[in-house]
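For reference, the structure discussed in these notes is given below.
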Amino acid sequence: MSGPNTEFDPKQVAALDAQAIESMVAEALAGIAEASNLDELKAAKTAYAGDRSPLALANREIGALPPAAKADAGKRVGQARAQVKKALEDREQILIAERDAQVLQAEAVDVTLPVQRNPIGGRHPLTTLMERMADVFISMGYDIAEGPEAEAEWANFDALNVPPDHPARTMQDTFYVESPDSGVVLRTQTSPIQIRAMLERELPIYVVAPGRVYRTDELDATHTPVFHQIEGLAVDEGLTMADLKGTLDHLATQMFGEGIVTRLRPSYFPFTEPSAEVDLECFVCRGASVGDPNNPCRTCGSEGWIEWGGCGMVNPRVLTAVGIDNQKYRGFAFGMGIERTLMFRNGVTDMRDMVEGDIRFTRAFGVDA
Ligand code: DAH
């Protein structure tokens, strides 16, 4: 016979009877089933399967049972704990699947949706080229100068030493605002900005002036009644034609790349003396087409050179017209067409493409900030 079981405690043993265990399991299963997300399930796991859960506490009581009752109780508690563990695992599977489905739905990307149909615009290549040309001068310390597009005839012609009977003044070339007597024209060149700069600024003067100009030309592949020029003007002591040439060469290199060759060809402009045309060596044939009928060049018309703009030393009469001492100061000036520059530089063959505003033309130059 075994002796009395001093550790025997009827109350604790009551916690291990079949009914008590069953109700612990029932409570656990209900709680687990109620967990509606993984966080709640974690809390349920602690409550029903954690170290301090009723079943874990019951498990600890087994040792206190009389040996005959131990096996039975152990089996009961073991099965109950296994059941709860299984329920937790099953519920976890379900909740994980639910969570994944939710994430997939919330983060779904519909690859069949139409793309952005409103294309973003690009800046016009004339605008960006004009800015690039101006930037070459800004980096040399020049200022940007401006003037109005509806300009005083005096600034556009008289002060630039254009004689009153010069053919350029006639209504065939110049758009007059109101009538030819109004004294106001749509500027035919950016050169009147030279006059304004010299009237308004302190000496020495180093300015560039990009801008829109107007002439009564029909729109065709090489003409447009509204086009753009960039004007340059330097007035200082001791300037020479070498300064002008060096400045133009620098601009040409910046625009067309290292190795571009320029030449100054004697010419005439009323506001410069001496005057010259700035030519670029044809970068297609490099002069090879000259005098070779078997090898014509379309870019330069087999001339070997392309006319880029006009330039010269500011005519002393112009300095006088704006009150600058022409003994002390000398100036150089130049002006070239932006459209022409874009044609040479980017191989645009028809000026109409530049004015039609077709986004397909602009976009080919890239979206420039
Ligand atoms: N204004 C002239 C034109 O439109 C171009 C020009 C020639 C500008 C000589 C100048 C210059 O500044 O010095 O044809």
Side-chain angles (χ1 to χ4, degrees), residues 130 133-134 136-137 142-147 149 151-163 166-170 172-175 185-198 205-217 222-236 239-249 251-252 262-280 306-319 321-322 324 326 329-341 351:
M130 207 147 62
M133 291 176 89
V136 172
F137 291 96
Y142 282 56
D143 278 347
I144 299 279
E146 288 178 326
E149 290 177 24
E151 179 58 285
E153 188 181 358
W154 178 80
N156 194 78
F157 292 126
D158 299 83
L160 288 167
N161 196 37
V162 180
H166 194 282
R169 292 199 188 214
T170 66
Q172 276 111 54
D173 285 325
T174 304
F175 285 115
V185 300
L186 291 184
R187 69 184 177 202
T188 60
Q189 50 188 353
T190 42
S191 302
I193 304 173
Q194 289 187 32
I195 301 299
R196 290 180 176 270
M198 288 188 282
I205 292 169
Y206 288 87
V207 290
V208 273
R212 190 176 293 149
V213 300
Y214 302 82
R215 283 182 204 175
T216 57
D217 288 324
T222 52
H223 295 90
T224 140
V226 183
F227 59 105
H228 301 79
Q229 291 184 331
I230 186 163
E231 191 81 14
L233 171 72
V235 184
D236 204 341
L239 290 179
T240 70
M241 222 133 166
D243 298 307
L244 170 62
K245 176 84 162 68
T247 305
L248 292 170
D249 283 353
L251 177 64
T262 64
R263 84 172 173 190
L264 297 186
R265 177 165 44 88
S267 184
Y268 173 77
F269 297 99
F271 37 92
T272 41
E273 182 57 38
S275 302
E277 309 274 354
V278 198
D279 292 345
L280 300 170
I306 301 166
E307 188 186 313
W308 191 22
C311 67
M313 300 306 289
V314 178
N315 191 321
R317 296 176 64 142
V318 173
L319 295 177
V322 292
I324 292 178
N326 65 20
Y329 287 97
R330 287 204 211 169
F332 66 72
F334 55 87
M336 50 268 301
I338 309 287
E339 278 78 358
R340 277 178 79 75
T341 309
M351 266 196 197

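Quick note: numbers below take in every heavy atom, side chains included, and nothing from hydrogens, waters or symmetry partners. Keep in mind that what you see is a predicted model, and the values were worked out from it rather than measured. Whatever order the structure lists them in is the order used to number ligands and atoms, beginning at 1.
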Under 4.0 Å from any heavy atom of A333, which atoms of ligand 1 are there? 12 (O), 13 (O)
Closest approach of R212 and R187, non-hydrogen atoms and distance? O-NE, 2.8 Å
Residue part near ligand 1, for Q229, under 4.0 Å between non-hydrogen atoms: side chain
Below 4.0 Å, non-hydrogen atoms only: which portion of E273 touches ligand 1? Side chain, backbone, both or neither. neither
Are V207 and I193 packed together at the side-chain level, in the sense that at least one heavy-atom pair is separated by less than 4.5 angstrom? no
Mark up the atoms of ligand 1 that fall under 4.0 Å of a heavy atom belonging to F269, in ascending order. 7 (C), 9 (C)
A student comparing M336, Q194, E277, R215 should find that the heavy atom closest to atom 14 (O) of ligand 1 comes from R215
Just jot down the ligand 1 atoms closer than 4.0 angstrom to any heavy atom of C311, in number order. 7 (C), 9 (C), 11 (C), 13 (O)
Ignoring hydrogens and angles, state whether a donor on the side chain of E231 or Q194 is under 3.5 Å from an acceptor on the partner side chain. yes
Which heavy atom of L160 sits nearest to which heavy atom of P192, and what is that distance? CD1-N, 3.8 Å
On a heavy-atom basis, I'd like to know which of G310, G312, G309, G331 is closest to atom 6 (C) of ligand 1. G310
Just wondering, more than 12 heavy atoms not from R330 lying within 6.0 Å of its CZ? no
Check: Q189 N/O within less than 3.5 Å of ligand 1 N/O: yes
Please report whether ligand 1 has a polar contact with F271, defined as an N or O pair separated by less than 3.5 Å (distance criterion only). no
Heavy atom under 4.0 Å from ligand 1: found in S191's side chain, backbone, both, or neither? side chain
Are any of the N or O atoms of F334 closer than 3.5 Å to those of ligand 1? yes
Minimum heavy-atom distance M130-I230, with the two atoms named: O-CD1, 4.5 Å
Please indicate whether E146 has more than 12 foreign heavy atoms, meaning atoms of other residues, nucleotides or ligands, lying under 6.0 Å from its CD. no
E307/R265 ion pair, N-O < 4.0 Å: yes
Numbered atoms and elements of ligand 1 in range of T272, under 4.0 angstrom, heavy atoms: 13 (O)
What heavy-atom pair brings K245 and T262 nearest, and what distance separates the two atoms? NZ-OG1, 3.1 Å
For atom 12 (O) of ligand 1, which protein heavy atom lies nearest, and how many Å away is it? E231 OE2, 2.6 Å
Within 4.0 Å of some non-hydrogen atom of G335, the atoms of ligand 1 are 8 (C), 10 (C), 12 (O)
